[in-house]
*Asks:* 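I'd like to ask some things about the structure below.
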Amino acid sequence: MPHHALEITLTRPLSPAALRHAARVLPLAANHDTTRLMALVPAKTSHRAAHRLRRRLRARLPIDVITTHYPDADHKILLNVAFSPATYAALKTYARCAAQTPERFVELALYRALAEHADQETDRLDRAVRHLLAHTSPAYLLSAVGHALTQLPESPTR
């Protein structure tokens, strides 16, 4: 049976004792502030792995979101969110009005929000570059950007 790498985002940091308590159920790796955890879960599909992980740890951890750590063959990341009953009921109503399943409704809403964010970020960077170009030449700007990128601590060129 394949193992799936899942990332757990928590609603709050864990104490060392709470992390040890949860790790008794399933081996977990925590980030520096214990707000994100990694787990390998055996299951036939990533959907089943996320469901199994949530079911096994929900009483021990303040789980916010579970995601697959690696994209699938379609380059998608699974997002597993547990909604309150009231939120899920409202979501079902909106999805029904749009003639969609709740899952598809959320998926499309996320796509729209991410596309809007990407457009806003592109516009912001475009304005910033135009502002910089008003005060220098393209060659100097390109040189400065290249220099700045080589000085970043996590630069992919290092």
*Asks:* Is Arg52 reaching over with its side chain to a backbone N or O of His47, donor-acceptor style, under 3.5 angstrom?
*Replies:* no
*Asks:* Between Val25 and Leu57, is there a side-chain heavy-atom distance shorter than 4.5 Å?
*Replies:* yes
*Asks:* Heavy atoms, side chains only, cut-off 4.5 Å: are Leu6 and Thr67 in contact?
*Replies:* no
*Asks:* Would you compute the distance between atom CZ of Arg124 and atom NE2 of His117 and round it to the nearest 0.5 angstrom?
*Replies:* 8.5 Å
*Asks:* May I have all residue pairs that pass salt bridge (charged side-chain N to carboxylate O under 4.0 Å, His left out) and include part of residues 84-99, sequence neighbours excluded?
*Replies:* none
*Asks:* Does the side chain of Phe105 reach to within under 4.5 Å of the side chain of Pro102, using non-hydrogen atoms?
*Replies:* no
*Asks:* Grab the two heavy atoms, one from Arg54 and one from Asn80, that are nearest each other, plus how far apart they are.
*Replies:* NE-OD1, 2.6 Å
*Asks:* Between Leu28 and Ile8, does the side chain to side chain contact (heavy atoms under 4.5 Å, CB included) criterion hold? Intermediate values first, please.
*Replies:* CA-CA 10 Å; Leu28 299 167; Ile8 306 163; 4.2 Å; yes
*Asks:* Taking all non-hydrogen atoms of both residues into account, name the closest pair between Ile66 and Ala50 and its distance.
*Replies:* CD1-O, 3.9 Å
*Asks:* Between NE2 of His21 and CZ of Arg60, what distance do you get to the nearest 0.5 Å?
*Replies:* 4.0 Å
*Asks:* Using a 3.5 Å distance criterion without hydrogens, assess whether the side chain of Asp126 forms a donor-acceptor pair with backbone atoms of Arg130.
*Replies:* no
*Asks:* Working to the nearest 0.5 Å, report the span between CG of Leu114 and CD of Glu121.
*Replies:* 12.5 Å
*Asks:* Is the number of heavy atoms from other residues, nucleotides or ligands within 6.0 Å of CZ (Arg55) greater than 12?
*Replies:* yes
*Asks:* Should Glu107 and Lys76 count as an ion pair when the cut-off is N to O under 4.0 Å?
*Replies:* yes
*Asks:* Decide, yes or no, whether a salt bridge links Asp123 with Arg127 under the criterion of side-chain N to carboxylate O below 4.0 Å.
*Replies:* no
*Asks:* Could you check if a side-chain atom of Ser46 sits within less than 4.5 angstrom of a side-chain atom of Asp72, using non-hydrogen atoms only?
*Replies:* no
*Asks:* Side chain to side chain contact (heavy atoms under 4.5 Å, CB included) between Leu110 and Leu79: does it pass, once the steps are laid out?
*Replies:* CA-CA 10 Å; Leu110 282 171; Leu79 180 66; 3.3 Å; yes
*Asks:* Just verifying a value: how many Å separate Leu14 CG and Arg20 CZ, rounded to the nearest 0.5 Å?
*Replies:* 11.5 Å
*Asks:* Take Thr11 and Ile63 through the side chain to side chain contact (heavy atoms under 4.5 Å, CB included) test and state the conclusion after the steps.
*Replies:* CA-CA 6 Å; Thr11 58; Ile63 297 174; over 6 Å; no
*Asks:* Working note: Leu61 + Leu10, criterion side chain to side chain contact (heavy atoms under 4.5 Å, CB included); need CA distance, chi angles, decisive distance, verdict.
*Replies:* CA-CA 7 Å; Leu61 294 175; Leu10 303 173; 4.1 Å; yes
*Asks:* Using modelled atom types and a 3.5 Å cut-off, is there a donor and acceptor pairing between side-chain atoms of Thr150 and backbone atoms of His147?
*Replies:* yes
*Asks:* Any sub-3.5 Å donor-acceptor pair from Thr122's side-chain atoms to Ala118's backbone N or O?
*Replies:* yes
*Asks:* More than 12 heavy atoms of other residues, nucleotides or ligands under 6.0 Å from NE2 of His135: yes or no?
*Replies:* yes
*Asks:* How far apart are the closest heavy atoms of Tyr70 and Ile77, and which atoms are they?
*Replies:* C-CD1, 3.7 Å
*Asks:* With a 4.5 Å cut-off on side-chain heavy atoms, are Leu37 and Glu7 touching?
*Replies:* no
*Asks:* Does CD belonging to Glu116 count more than 12 external heavy atoms closer than 6.0 Å?
*Replies:* no
*Asks:* Which heavy atom of Ala39 sits nearest a heavy atom of Leu53, and at what distance?
*Replies:* CB-CD1, 4.2 Å
*Asks:* Can any side-chain N or O of Thr68 pair as donor or acceptor with the backbone N or O of Leu78 at less than 3.5 Å?
*Replies:* yes
*Asks:* For residues 42-51, which residue pairs qualify under salt bridge (charged side-chain N to carboxylate O under 4.0 Å, His left out), counting only residues two or more places apart or in two chains?
*Replies:* none
*Asks:* Check whether any side-chain N or O of Arg36 sits under 3.5 Å from a backbone N or O of Ala30 as a donor-acceptor pair, and report yes or no.
*Replies:* no
*Asks:* When hydrophobic residues are tied together by side-chain contacts of less than 4.5 Å, even through go-betweens, does Leu108 share a cluster with Val81?
*Replies:* no
*Asks:* Are Val65 and Met38 linked, directly or through other ILVMFWY residues, by side chains that come within less than 4.5 angstrom of each other?
*Replies:* no
*Asks:* Between Thr136 and Leu132 (side chain of the first, backbone of the second, donor and acceptor by atom type, cut-off under 3.5 Å), is there such a pair?
*Replies:* no
*Asks:* So, His4 side chain and Ala43 main chain: donor-acceptor pair closer than 3.5 Å or not?
*Replies:* yes
*Asks:* Indicate if Tyr140 and Leu133 have the same hydrophobic cluster label, given that clusters are the connected sets of ILVMFWY residues with side-chain heavy-atom separations under 4.5 angstrom.
*Replies:* no
*Asks:* What distance separates Thr45 OG1 from Met1 CE, expressed to the nearest 0.5 Å?
*Replies:* 10.0 Å
*Asks:* Side chain of Ser84, backbone of Thr87: donor and acceptor closer than 3.5 Å?
*Replies:* yes
